[in-house]
Amino acid sequence: AAKKAGRNKFAYFEPQMDQRLQQMRALELDIKQALEKNQFKLAFQPIVDAEDQSVASFECLVRWTHPTNGKMMPAKFIPAAEETGQIMEIGRWVTKEAIKTAAAWPVRKQISVNFSAVQFQDSRFADFLRRQLKRYNFPADLLELEITETAFIVDMENSLKQLQQLKDLGVKISLDDFGTGYSSLSQLQRFSFNKIKIDGSFVRDLETNPSSAAVATAVAEIGKALDITVVAECVETQEQLDFLRSVGVTRIQGYFTGRPMDAEAAEALLIKEAPAVGEVG
Ligand code: C2E
Ligand code: MG
Ligand code: MG
Ligand code: MG
């Protein structure tokens, strides 16, 4: 009887596994096409100063409109691309496109791109990055790589070594989605990050969940103590902004202060903010 039940169980799960595999393969092919046919685009979301809401930098986020399926969300295809290794090529494309775009703006502004842990396997990435910065004559210190805590789980020593090699190019390194991962605090001691980004999950329910407010406050304190700039992501209301500012968060990112926008809109925003040429005082 047990044997029979086991067999039934197996027969029940197998088609599902198969389906997942097929979906993964289809997505892999679609991503391959997207890379070949240049279907990816970048969106630029302003990260603003908590005091005066002037633009401090832009986070560059990958966007993909599939020819038949429409808009695809990074939360879905980035993990798939990490699984297949295609993130290596996507990551290079995003990095190059971000540098190229920001280098053409009439106003110099810091930009950040997300760097997946899987990209540590791209052993020539540092070389690639150096070449792109040179090619577009873009100052290294205006580029920031955002890396999530989970990046350090598999091989912490190696990850930190590679991260240092990237930092040695002069680029900035920020710790993304802070508070969601594992052993956050020890990482802050092991590597000198330029920024910490409080994960949106703590911002979303700031007003209703005292423990989220406590986490946000604690991260702001850590930032002050270690002299690291703290950014809050996913800020959607004035109340959230006011609270975060009151506890010492100095940078704000979210729909309340600016949605991700295309390159032209980002450039227009910078030009609007910059003092007019020839203006004095
Ligand atoms: P992330 O790096 O934490 O990026 C912030 C995400 O929060 C973005 O989602 C952004 O659109 C969203 N967001 C910003 N403000 C708000 C807000 O006020 N409310 C809400 N609900 N959401 C807000 P997006 O672009 O869908 O990206 C999701 C994640 O996918 C990113 O999280 C990042 O982990 C990954 N990702 C996006 N682009 C890239 C990329 O080029 N390379 C890699 N490796 N990962 C990427
Ligand atoms: Mg990010
Ligand atoms: Mg984030
Ligand atoms: Mg996040």
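As the structure lists them, so they are numbered: ligands from 1, and atoms in each ligand from 1. Reckoned from all heavy atoms, side chains included, excluding hydrogens, waters and symmetry mates.
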side-chain contact (heavy atoms from CB on, under 4.5 Å) assessment of Asn158 paired with Phe120: CA-CA 9 Å; Asn158 184 43; Phe120 282 135; 5.5 Å; no
Residue-ligand contact Gly91/ligand 1, heavy atom below 4.0 Å: no
Interatomic distance, Lys197 atom NZ to Asp176 atom CG [nearest 0.5 angstrom]: 5.0 Å
Minimum heavy-atom distance between Ala56 and Lys109, given as atom pair plus value: O-CD, 3.6 Å
For ligand 1, the portion of Val94 having any non-hydrogen atom under 4.0 Å away: side chain
Contact partition for Val113 relative to ligand 1, non-hydrogen atoms under 4.0 Å: neither
Option set Arg63, Glu97, Met73, criterion heavy-atom distance to atom 11 (O) of ligand 1, minimum: Arg63
salt_bridge(Glu36, Lys32) N-O dist < 4.0 Å: yes
Validation row, ring centre Phe115 to ring centre Phe125 under 6.0 Å: yes
Ring centres under 6.0 angstrom apart (Phe138, Tyr136): no
Region of Lys197 engaging ligand 1 - heavy atom pairs below 4.0 Å: neither
Location of contacts on Pro260 toward ligand 1, heavy atoms closer than 4.0 Å: side chain
Mutual orientation of the aromatic rings belonging to Trp105 and Phe44 [parallel < 30°, tilted 30-60°, perpendicular > 60°]: perpendicular
Arg259 charged N/C atom sitting above Tyr255 aromatic ring, 6.0 Å / 45°: yes
Heavy-atom neighbours of Lys100 NZ exceed 12 at 6.0 Å: no
Side chain, backbone, both or neither: Arg259 near ligand 1, heavy atoms under 4.0 Å: neither
Under 4.0 Å to a heavy atom of Val62 - the qualifying atoms of ligand 1, by number: 38 (N), 39 (C), 40 (C), 41 (O)
Mode of Ile87 contact toward ligand 1 - side chain, backbone, both, neither (heavy atoms, under 4.0 Å): side chain
Residues Arg20, Glu83: salt bridge by 4.0 Å N-O rule: yes
Plane angle bin for Phe77 and Trp64 - parallel if under 30°, tilted between 30 and 60°, otherwise perpendicular: perpendicular
Main-chain N/O of Leu129 paired with Gln132 side-chain donor or acceptor, under 3.5 Å: no
Ligand 1 atoms in contact with Glu236 (distance to a heavy atom under 4.0 Å): 17 (C), 18 (O), 19 (N), 20 (C), 21 (N)
Contact (N/O only, under 3.5 Å) between Glu82 and ligand 1: no
Proximal atoms of ligand 1 relative to Glu233 (non-hydrogen, under 4.0 Å): 3 (O)
Hphob cluster co-occupancy, Met73 + Leu61, side-chain heavy atoms under 4.5 angstrom: no
Residue portion contacting ligand 1 (non-hydrogen atoms closer than 4.0 Å) for Asp199: neither
Protein N/O/S count near the Mg ion (ligand 2) (criterion: distance under 2.8 Å): 4
contact_flag Gly200 ligand 1 heavy-atom lt 4.0 Å: no
Taking every non-hydrogen atom, the tightest pair across Asn114 and Gln119: O-OE1, 3.9 Å
Ligand 1-proximal atoms of Gln253, by part, heavy-atom distance under 4.0 Å: neither
Per-residue contact class, Arg204 against ligand 1 - non-hydrogen pairs under 4.0 Å: neither
Test of proximity, Tyr255 against ligand 1: N or O pairs below 3.5 Å: yes
